[in-house]
Asks: 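First the structure, then my questions, so here it is.
In what follows, every heavy atom counts, from backbone to side chain, and hydrogens, waters and symmetry copies are set aside.
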Number of protein chains: 2
Amino acid sequence: MAKKNRNSGCPVSNSLDIWGDKWSLLIVRDLMYEKQCTYGDFLKSEEKIATNILATKLQILEAEEIISKSQHPESKAKFLYKLTEKGISLLPVLIEIYLWGEQYFELSENHKKFLQDVKKDKEAFLKRAQENLRKAL
Amino acid sequence: MAKKNRNSGCPVSNSLDIWGDKWSLLIVRDLMYEKQCTYGDFLKSEEKIATNILATKLQILEAEEIISKSQHPESKAKFLYKLTEKGISLLPVLIEIYLWGEQYFELSENHKKFLQDVKKDKEAFLKRAQENLRKAL
DNA sequence: ATATTCTACTTGTATTTTGCAAGTTAGTTA
DNA sequence: TAACTAACTTGCAAAATACAAGTAGAATAT
């Protein structure tokens, strides 16, 4: 699972090479909400990612230093996944995707509530959320 | 090439179902820069998309009303692809991806210049760029 | 202590998507 | 009217995705 060579010179292309797929940003989304997740937590989320895909994507995101993997303080059988600083800096991207999606899809109540919060003051929300996530680093 | 059923309730998941891949946002990027492109223009861009993939992605993006296809005013052999309003509203997403990528990749000179412009005043840039694209609608 | 369950995966295989190379067809240009 | 261009399509190989089942070590229940 080595890093691919990225030489496009375009930051969009290089970024999409890492997390431009159906699942990576959903993993980041889960970590934005939960701060830290176990393997099982990811499996539980609504979109029902297949376990082998999850394993692969977690490996890639860890290799790219977007997430980190650490021991669970209460069990040797569990691991905790968290966003790194590089992952936390993806929040503005994620929020803009939320805001775009809001315009064109029917949302569930919890997502509506989340966006209400975001839209009150986007910059303030981001700052708050990112600071909050940094505490878990 | 029918639309898939999207019922996740999460706007991120629903959005990624449409354009969560390596190529779709690069097509949007090209249209942000160029305003309107022919099929051949897309093929010329740096990342060298395969022609069958391009055809498929253009179809999907058109079906999702993110881009529109119209006759070229000067030739019956050519078509013009443009961003729709739905596509234009993807610009904030694209810009945040640019800004994220800037932090973690080496950029080419033209992308550096572009970002310098963006960073002077992000909101103003977006408004200007979006208004500019709307003129071509 | 040991059998059962839990947690984080891995493996096998089918399906879908991506990628490359080579057509094809209608419209344009020499 | 022949060559060329533009926008695709087709065929096939390779890779990614998806589903189902299995495994190994740690925790829990008996």
Asks: Are any protein N/O atoms closer than 3.5 Å to N/O atoms in nucleotides 18-20 of chain C? If there are, list each pair with its distance.
Replies:
unit_1, atom_1, unit_2, atom_2, d
C:dT18, OP2, B:K57, NZ, 3.4
C:dG19, OP2, B:W23, NE1, 2.7
C:dG19, N7, B:N52, ND2, 3.3
C:dC20, N4, B:N52, OD1, 3.3
C:dC20, N4, B:N52, ND2, 2.4

Asks: Atom CD of B:Q71 and atom P of D:dA7: how far apart are they, to the nearest Å?
Replies: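 About 11 Å, once rounded to whole Å.
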
Asks: Calculate the interatomic distance between A:K76 atom NZ and C:dC9 atom P; express it in whole Å.
Replies: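 Whole-Å distance recorded here is 15 Å.
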
Asks: Can a side chain N or O of B:Y81 be found less than 4.0 Å away from OP1 or OP2 on D:dC8?
Replies: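 Indeed, a polar side-chain atom of B:Y81 lies that close.
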
Asks: What is the distance, to the nearest angstrom, from the NE2 atom on A:H72 to the C1' atom on C:dA8?
Replies: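 Interatomic distance, NE2 of A:H72 to C1' of C:dA8: 13 Å.
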
Asks: Measure CZ/B:F79 against P/C:dT28 and give the value in whole Å, please.
Replies: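 Atom CZ in B:F79 sits about 10 Å away from atom P in C:dT28.
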
Asks: Counting side-chain heavy atoms from C-beta on, which of C:dT28, D:dA26, C:dC9 comes nearest to A:K69?
Replies: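 Between C:dT28, D:dA26, C:dC9, the one nearest the side chain of A:K69 would be C:dC9.
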
Asks: Roughly how far apart are B:E46 CD and B:L26 CG, rounded to 0.5 Å?
Replies: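 It comes to 10.0 Å.
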
Asks: May I ask you to evaluate whether A:S75 reaches the phosphate of D:dA27, defined as a side-chain N or O under 4.0 Å from OP1 or OP2?
Replies: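 It does, given that an N or O in the side chain of A:S75 lies less than 4.0 Å from OP1 or OP2 of D:dA27.
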
Asks: Are the side chains of B:S89 and A:Q103 in contact, using a 4.5 Å heavy-atom criterion?
Replies: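 Yes - at least one pair of side-chain heavy atoms lies under 4.5 Å apart.
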
Asks: If I take atom CG in residue A:L54 and atom P in nucleotide C:dT10, what distance separates them, rounded to the nearest angstrom?
Replies: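 So the two atoms are 11 Å apart, to the nearest Å.
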
Asks: Examine B:F105 together with B:Y98 and report whether their ring centres are nearer than 6.0 Å.
Replies: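 Centroid distance B:F105-B:Y98: not below 6.0 Å, so no.
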
Asks: Which nucleotide, D:dC8, C:dA8, D:dA27, lies nearest any side-chain atom of A:T38?
Replies: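 Selected nucleotide (nearest to the side chain): C:dA8.
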
Asks: Could you state the NZ-C1' distance from A:K78 to C:dT5, rounded to the nearest angstrom?
Replies: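 Taking NZ of A:K78 and C1' of C:dT5, I get 13 Å after rounding.
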
Asks: Is A:E109 salt-bridged to A:K112, going by a charged N under 4.0 Å from an acidic O?
Replies: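 Salt bridge flag = yes for A:K112 with A:E109.
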
Asks: What is the separation between atom CG on B:D17 and atom P on C:dT16, rounded to the nearest whole Å?
Replies: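 From B:D17 CG to C:dT16 P: 16 Å.
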
Asks: So do the side chains of B:M32 and B:L90 get within less than 4.5 Å of each other, counting heavy atoms only?
Replies: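 No, side chains not in contact.
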
Asks: Given side chains that start at C-beta, do those of B:E47 and B:I49 come closer than 4.5 Å, heavy atoms only?
Replies: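 A side-chain contact under 4.5 Å is absent here.
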
Asks: Evaluate the side-chain proximity of B:L91 to B:L133: yes if any heavy-atom separation is below 4.5 Å, no if none is.
Replies: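 Yes, their side chains come closer than 4.5 Å.
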
Asks: Can you pull out how bent the helix from C:dA1-D:dT30 to C:dA30-D:dT1 is, comparing the axes over its first five and last five pairs, to 10°?
Replies: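 Inter-axis angle at the ends, rounded: 10°.
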
Asks: Are A:Y81 and A:Y39 an aromatic pair, judged by ring center distance below 6.0 Å?
Replies: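 For A:Y39 and A:Y81, the ring centres are not under 6.0 Å apart.
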
Asks: CG of A:L58 versus P of C:dC9: gap in Å, rounded?
Replies: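 So the CG-P distance, A:L58 to C:dC9, works out to 7 Å.
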
Asks: Between D:dT9, C:dG27, C:dC9, spot the one nearest the side chain of A:Y39, thanks.
Replies: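 Nearest to the side-chain atoms of A:Y39, counting from C-beta on, is C:dC9.
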
Asks: Which value, rounded to the nearest 0.5 Å, describes the distance between A:E62 atom CD and A:I67 atom CD1?
Replies: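 Output value for this atom pair is 6.0 Å.
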
